[in-house]
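One structure below.
This structure is a prediction, so every number in the text was calculated from the model and none was measured. We count residues from 1, following the sequence as given. Order of listing sets the numbers, starting from 1, for every ligand and every atom in it.
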Amino acid sequence: MKSLRIAQVIVDNKCKETDRIYSYLVPDDLEIDVGHRVIVPFGISNKKVEGYVVGIKDSIDFDMSKLKSIISLTSNEKFLSTRMIELIAWIREKYLCYYIEAIHSVLPANIRIKNTYVYELSNYNNSMELLKEGCPEVLLEIVEFIEDNGGSALKEELRDNFNDNQLDNALRKLVKLNILKKKQFIKKQESIKYEKFVYPSNIESIQISSAAKKQSVLMDVVLNNPGISLSMLKKEYDISQDTINSLLKKGYIRVEEREAYRLKQEEVSPESKKILTDEQQRAIREINSHFSAGKYVLLHGVTGSGKTEIYLQLIEEELRKGKEGIVLVPEISLTPQMIRRFISRFGNTVAVLHSGLSNGEKYDEWRRIAEGKAKVAIGARSAIFAPFKNLGIIIIDEEHESTYKSETRPKYDTREVAMKRCEIEGSNLLLGSATPSIESYYKAVNHLDNMRLVSINNRVNNRSLPDIEIVDMREELKAGNKSIFSNRLFQEINNALLNNDQLILFLNRRGYSTFVSCRSCGYVAKCPNCNISLTYHAKGNFLSCHYCGYSRVNPTECPSCKSKYIKYFGIGTQRVEQEFIKTFRRSDILRMDADTTTKKNSYKIILEKFRNKEANVLIGTQMIGKGHDFPDVTLVGIITSDTYLNLPDFRSAERTFQMVTQSSGRAGRGDKAGKVIVQTYSPDHYSLLHAKKHDYVGFYEDEIKLRKEMNYPPFSHLCHVIISGYKEDKVIKAAKDIGCLIKDLTCDRNDIEIWGPSPAPLSKINNRHRWQLVLKADEEGKLLEIMKNFYNLNLLNFNEIGISMDINPLNML
Ligand code: ADP
Ligand code: ZN
Ligand code: ZN
């Protein structure tokens, strides 16, 4: 007799009540193991749902007779390793999400099954009579459709062919009349693609008459390229299926069907590694010695200091040891150029994961990794979950980028997940940036979380950093220049155009430039309690602080200089483009912003056009400020640096410093020197002064002092709660109730501060009104505890209200 096996299963059902591990009996005839996907009966109705096996036990401490059995195995593949399961449990605890949400974020989307219904014809002849008697036409049409479809049809197929609002009623009626039977149907979504390959066979006996020209061509091709794909034969050599069939019949060729991968890798000429500069060698030595001591490393290296070359060589080292590596880059810098750099070094062992891939391609790349065919994964955020079994290193480039924080549940921070994964798998971790996040740098210099710092202060071959010039826009206004281009920027643009050089104009507007400032003196309305810009609310014409809820009426004149030029900000990229055309009489302009990049790959196309010099001018929002290498760009103009500076966010100085430094990194990457012009109403701001000197450390020192003074992260932790809904009064009431509840939960402790409830800075999105609460504590654990207790309360019925929560949010809008 086989020993008793009880599977621990997480079911694919996204709700609080089912967010636990269920036990199911493993039937004797099923080989089931940890990591498998299974179908189980679920709930009172025993609906079939998908589940993931996360453990196997041989006994349980409750009544065995109540146990249901697993119905079937969905696939022989093991989707989750025990290490991944450990990571999933950690994500659930850390980001307060459900098991299944953590699983979904770890696995590629299309491996999940789809639960649907199939409608089968039954009792057909008897019922036709019934149907003919005055039933709506559509019933008959549906029955005929299903009949033509071979007697059954999926709900989706019917949806594609019938009007939605009629369909449901009609189907219900047909089921009631017993003409159709409705059954649950489980549809697999993942599909392995198979392709046919052609080989020669019985070579000794081949005899083809010279008259059969096509056949001889085919035979030649196959003899010269054994294993050529069938589709290639047809496409490239124009060979018909008939010709193939005739040789098959003669037995001169055979066809083999095999798994194929959808993503065809580009042909890239191999590139050997560069000889490292002294600084790079020193950096690698330091990194390796930290690694051997079991530490993680933050690599701070100015733009163009050769960090990418260091990444490549560190990975090469891991591959030599038989291990694997993950490189994360922000989606936007995952350009063909960047990918080519990796492929040229590591060939077809590179798997690429980004949002431009189809689900099928993503799944194939995922499988190549899982099967050990790929050794290096390069990708955006979710590549952190690449299913390597022998992971040697994780590298996170541009670690300060906000795209590393997931915006949907689970709202994980990729850097934290990476640390956990490295801890579980014993791998090395390298974070890299020219402008590290304040939090990471703080950890590295203070040796927190096992982090150490390695710095490179010079560009490769001592290429100079671009000259950054700050232009005071208040002076421009005084001198009568109301254009968006200052005199200096105007001159430099003219120079660049005359020399046929390329230039980039940045506009760091993010759709919600809602702060109020004075164009004469640069005054910005700030909260007296929080030192954060106040947010302008058009409705009601007032200003409010979204941290503490402070509010005041909108001033009509500047409180500081009495000027009437006080208004809320807003210049769009389109306006810059128009003014550019008017001022410089040129129209060879590429514009990149949310409007021109709605399609998946459009930003890559725009960047490629710019690289190919199809236009000399690129205008865009902050999305073009990252990681690109355009050798012919000599000028970067930042139209206004203040939009960042005045975001209602304690990170606004940090963002400004990063933005100016990163965008200046785009200038002068080739042989020509680069110049950066920064236009601002606050020319004395420390973030700009330090950026001008290329002085990250100086900036960090000023900023960390302020953070400490104001008790902002890294000295505290925040939890941002958003309460949203379509009905404003309900949202406000819920926000107040939730505020009271949370205050009750924290009543007897003074180590947790609560701000709000107050309207969120983005007070309405997609017709949903948004209010917010902010919790602040010195330890993250305290926040987690409060929020867990809150979720367990279930006291009130918050009908039609959405509550979302973000621990240590990167923005609070
Ligand atoms: P970062 O990632 O720090 O911005 P990169 O790795 O892109 O820097 O290097 C900047 C430029 O210097 C690239 O064009 C790169 O090819 C070149 N480079 C890097 N390392 C070396 C080296 N050791 N020798 C010669 N050129 C190098
Ligand atoms: Zn003023
Ligand atoms: Zn405030």
* Can you list the ligand 1 atoms lying under 4.0 Å from a non-hydrogen atom of Thr277? -> 23 (N)
* Look only at interatomic distance and state if Gln280 has a nitrogen or oxygen under 3.5 Å from any nitrogen or oxygen of ligand 1. => yes
* Taking heavy atoms and a distance under 4.0 Å, where does Lys274 meet ligand 1: side chain, backbone, both or neither? -> side chain
* Any chance the rings of Phe715 and Tyr442 have centres within less than 6.0 Å? -> yes
* Report yes or no: do Ser687 and Thr656 form a side-chain donor-acceptor pair below 3.5 Å? => no
* Asked: If you take all heavy atoms of Ser437 and Gln658, which pair is closest and at what distance?
  -> CA-NE2, 4.2 Å
* Structure fact -> Any heavy atom of Val460 under 4.0 Å from ligand 1? The part involved is side chain
* Asked: Between Arg459 and ligand 1, which residue portion shows a heavy-atom distance shorter than 4.0 Å: side chain, backbone, both, or neither?
  -> neither
* Is the count of non-hydrogen atoms from other residues, nucleotides or ligands lying under 6.0 Å from Lys609 atom NZ greater than 12? -> no
* **Gln281 side chain to Leu276 backbone, donor-acceptor under 3.5 Å** => yes
* Report, rounded to 10°, the angle at the Zn ion (ligand 2) between the two atoms SG (Cys561) and SG (Cys558). => 110°
* Test item: side-chain donor near acceptor, Ser305 and Glu279, under 3.5 Å -> no
* To do: Taking the Zn ion (ligand 2) as the vertex, measure the angle between atom SG in Cys518 and atom SG in Cys521; round to 10°.
  => 110°
* Asked: Would you say Arg341 contacts ligand 1, with heavy atoms under 4.0 Å as the rule?
  -> yes
* Asked: Do the side-chain N and O atoms of Glu317 and Asn288 include a donor-acceptor pair separated by under 3.5 angstrom?
  -> no
* Asked: Where's the contact between Ile275 and ligand 1, heavy-atom distance under 4.0 Å: side chain, backbone, both or neither?
  -> backbone
* Any heavy atom of Gly304 sitting closer than 4.0 Å to ligand 1? -> yes
